[in-house]
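In what follows, chains carry the letters A, B, and so on, assigned in the order in which the sequence lines appear, proteins first and then strands, with residues in each chain numbered from 1.
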Amino acid sequence: MCGRYTLTSDADEVVEVFDVPPLAFAYRPRYNIAPGQEAPVVARDRGGRRMGLMRWGLVPAWADEESGGFINARSESVARTPSFRDAFRRRRCLVPADGFYEWRRDAHARTPFHYRPTAGGLLSFAGIWERWKRPGQEVRYGFAILTTAANGDVAPVHHRMPVVVAPDRREAWLDAGTPAEVLRTLLVPAPDGSFAARRVSTRVNSPEVDDATLLEAAEG
DNA sequence: CCAGACGTTGTT
DNA sequence: GTCTGG
DNA sequence: CCAGACGTTGTT
DNA sequence: GTCTGG
């Protein structure tokens with residue numbers, strides 16, 4: 001699945017690659033984005049694109065209790081499940097990233113790995129977003145990252161991975177008019193060989209740690 | 001009709 | 001909100 | 001995803 | 001064990 005990820009590029013590069021107006025929030029490179037935190041997402045806004053912060057964790061609009069929300073949505077069922085269907089149909093977003101973490105679990109340990117694109121550069125995860133409001137509280141926005149089966153790169157570590165939207169499909173993903181059968185063709189594992197893994201320090205386990213040394217290969 | 005569920009991950 | 005189960 | 005907490009009484 | 005917070 002995808003429970004932590006990285007966005008280490010600088011603001012200028014992100015703005016250029018995602019073709020959005022200048023950022024209206026305080027951007028900083030991130031080495032350990034965790035559920036519950038605010039993170040940049042790209043969505044349609046009045047016909048154009050905009051990048052803004054949303055909380056990682058989607059709370060369905062009908063839920064009156066604020067929980068942490070759902071950080072992932074299964075791509076295999078997202079179009080049908082009541083919690084996600086409406087967001088999938090009308091509120092899709094791109095989640096800028098340049099890598100993600102997965103933990104390999106065995107009987108004795110949980111070992112973190114960082115995956116980054118073999119070709120380098122920025123990625124888009126496929127996201128959906130939702131807004132919700134409780135009486136007396138401000139409107140909140142949250143997003144979830146779609147997951148799919150692990151490809152050959154990830155499978156040795158974990159059986160799920162985030163859906164990656166190829167650069168030439170980003171516009172289709174954001175376009176509310178894209179037919180469902182076209183969207184379905186995007187919800188597939190990334191090609192084998194497109195990601196490279198490195199084992200990293202368990203310091204990444206703590207969501208409070210967020211610095212460049214997290215990306216260094218662990219010894220051993 | 002109303003009541004209750006609605007989700008992901010992993011694990012056993 | 002919207003669907004399923006009773 | 002992992003880390004860390006996990007309680008009681010009364011009162012406003 | 002299970003929930004909340006980040």
Side-chain angles (χ1 to χ4, degrees), chain A residues 1-8 26 28-41 53-92 95 97-116 123 125-135 137 139-150 154-163 187 189 195 197-211 214-215 218:
Chain A
M1 68 105 73
C2 181
R4 301 286 180 89
Y5 67 96
T6 56
L7 178 60
T8 69
R28 69 186 167 100
R30 298 292 309 277
Y31 301 87
N32 194 7
I33 298 174
Q37 297 178 349
E38 303 269 308
V41 301
L53 293 176
M54 290 189 193
R55 192 184 69 162
W56 187 10
L58 182 156
V59 177
W62 44 263
D64 53 11
E65 270 294 315
E66 176 169 345
S67 64
F70 301 109
I71 66 171
N72 296 129
R74 291 178 62 87
S75 61
E76 297 91 336
S77 57
V78 67
R80 298 184 302 278
T81 57
S83 294
F84 303 134
R85 182 185 51 196
D86 206 46
F88 177 70
R89 202 155 46 203
R90 300 206 299 268
R91 289 181 297 279
R92 295 184 296 274
V95 182
D98 47 32
F100 60 91
Y101 296 100
E102 297 286 0
W103 278 257
R104 188 182 64 201
R105 302 173 80 112
D106 57 48
H108 307 293
R110 287 165 298 175
T111 307
F113 291 78
H114 184 253
Y115 282 88
R116 57 179 175 163
L123 298 168
F125 295 145
I128 57 178
W129 63 273
E130 188 64 83
R131 55 170 266 159
W132 77 99
K133 185 180 189 316
R134 283 200 298 172
Q137 297 206 355
V139 174
R140 303 284 311 272
Y141 297 85
F143 70 96
I145 295 172
L146 272 58
T147 61
T148 185
V154 177
V157 169
H158 196 70
H159 70 109
R160 303 289 292 173
M161 70 182 293
V163 173
L187 303 181
F195 281 96
R198 76 173 60 158
R199 188 164 71 79
V200 295
S201 164
T202 54
R203 289 195 309 116
V204 72
N205 288 6
S206 175
E208 296 185 355
V209 179
D210 184 359
D211 64 70
L214 291 178
L215 301 185

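- Separating the P atom of B:dC2 from that of D:dT8 is a span of 38 Å, rounded to the nearest Å.
- Residue contacts for A:Ala73: at a heavy-atom cut-off of 4.0 Å it reaches the sugar-phosphate backbone alone, with no base atom in range.
- Rounded to an integer number of Å, the gap from CD of A:Glu76 to P of B:dG7 is 14 Å.
- Rounded to whole Å, the C1' atom of B:dT12 lies 16 Å from the corresponding atom of E:dT2.
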Quick one: side chains of residues 105-114 of chain A, donor-acceptor pairs under 3.5 Å with protein atoms, not counting sequence neighbours, listed by atom name and distance.
unit_1	atom_1	unit_2	atom_2	d
A:Asp106	OD1	A:His108	N	2.8
A:Asp106	OD1	A:Ala109	N	2.8
A:His114	NE2	A:Thr6	OG1	3.0

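- Within the 4.5 Å cutoff, side-chain heavy atoms of A:Leu123 are placed close to those of A:Phe195.
- Note: A:Phe125 and A:Phe100 have perpendicular aromatic rings, judged against thresholds of 30 and 60 degrees for the angle between ring planes.
- Note on A:Arg105: a side-chain N or O is less than 4.0 Å away from OP1 or OP2 of B:dT11.
- Distance, A:Arg203 CZ to D:dC1 C1': 17 Å, rounded to whole Å.
- Atom-to-atom, OH of A:Tyr115 to P of D:dC1 comes out at 15 Å; the value is rounded to the nearest Å.
- In this structure, the side chains of A:Arg104 and A:Pro156 stay at 4.5 Å or more apart for every pair of heavy atoms.
- In this structure, CZ of A:Phe84 is placed 9 Å from C1' of B:dC6, rounded to the nearest angstrom.
- Between A:Asp210 and A:Arg28 the shortest side-chain heavy-atom distance falls below 4.5 Å.
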Can you pull every protein N or O that's under 3.5 Å from an N or O on nucleotides 1-6 of chain C?
none

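- Put simply, the side chain of A:Glu130 does not reach to within 4.5 Å of the side chain of A:Val59, judged on heavy atoms.
- Note: CH2 (A:Trp103) to C1' (B:dT9) measures 12 Å, nearest angstrom.
- The separation between A:Arg30 atom CZ and D:dC1 atom P is 19 Å, rounded to whole Å.
- In this structure the side chain of A:Met161 never reaches within 4.5 angstrom of the side chain of A:Tyr115, judged on heavy atoms.
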Q: Go ahead and write out DNA chain B as dot-bracket, 5' to 3': ( ) for pairs within the strand, [ ] for ones crossing earlier pairs, | when the partner sits on another strand, dots for unpaired; Watson-Crick or G-U wobble, both distances under 3.5 Å.
A: ||||||......

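- Residue A:Ser77 is classed as a sugar-phosphate contact, given heavy-atom separations below 4.0 Å to backbone atoms only.
- Put simply, A:Asn205 has a side-chain N or O that comes within less than 4.0 Å of OP1 or OP2 on D:dA3.
- In this model, the phosphate group of B:dT9 is approached by a side-chain N or O of A:Arg160 to a distance below 4.0 Å at OP1 or OP2.
- Comparing B:dT8, D:dC1, B:dT9 against the side chain of A:His159 picks out B:dT9 as the nearest.
- We find that NE2 of A:His114 is positioned 17 Å from P of D:dC1, with the value rounded to whole Å.
- Computed from coordinates, the A:Ile33 CD1 to D:dC2 C1' distance equals 16 Å when rounded to whole Å.
- Taking the six-membered ring for Trp and thresholds of 30 and 60 degrees, A:Tyr5 and A:Trp56 have ring planes more than 60 degrees apart, a perpendicular arrangement.
- Going from atom CZ of A:Arg203 over to atom CG of A:Leu214 covers 5.0 Å, rounded to the nearest 0.5 Å.
- Nucleotides E:dC3 and B:dT9 have their C1' atoms positioned 15 Å apart, rounded to a whole Å.
- Going from the P atom of D:dA3 to that of B:dT11 covers 15 Å, rounded to whole Å.
- A:Arg116 and A:Asp98 are not joined by a salt bridge, as no carboxylate oxygen comes within less than 4.0 angstrom of a charged side-chain nitrogen.
- The side chain of A:Thr147 places an N or O atom within less than 4.0 Å of a non-bridging phosphate oxygen (OP1 or OP2) of B:dT9.
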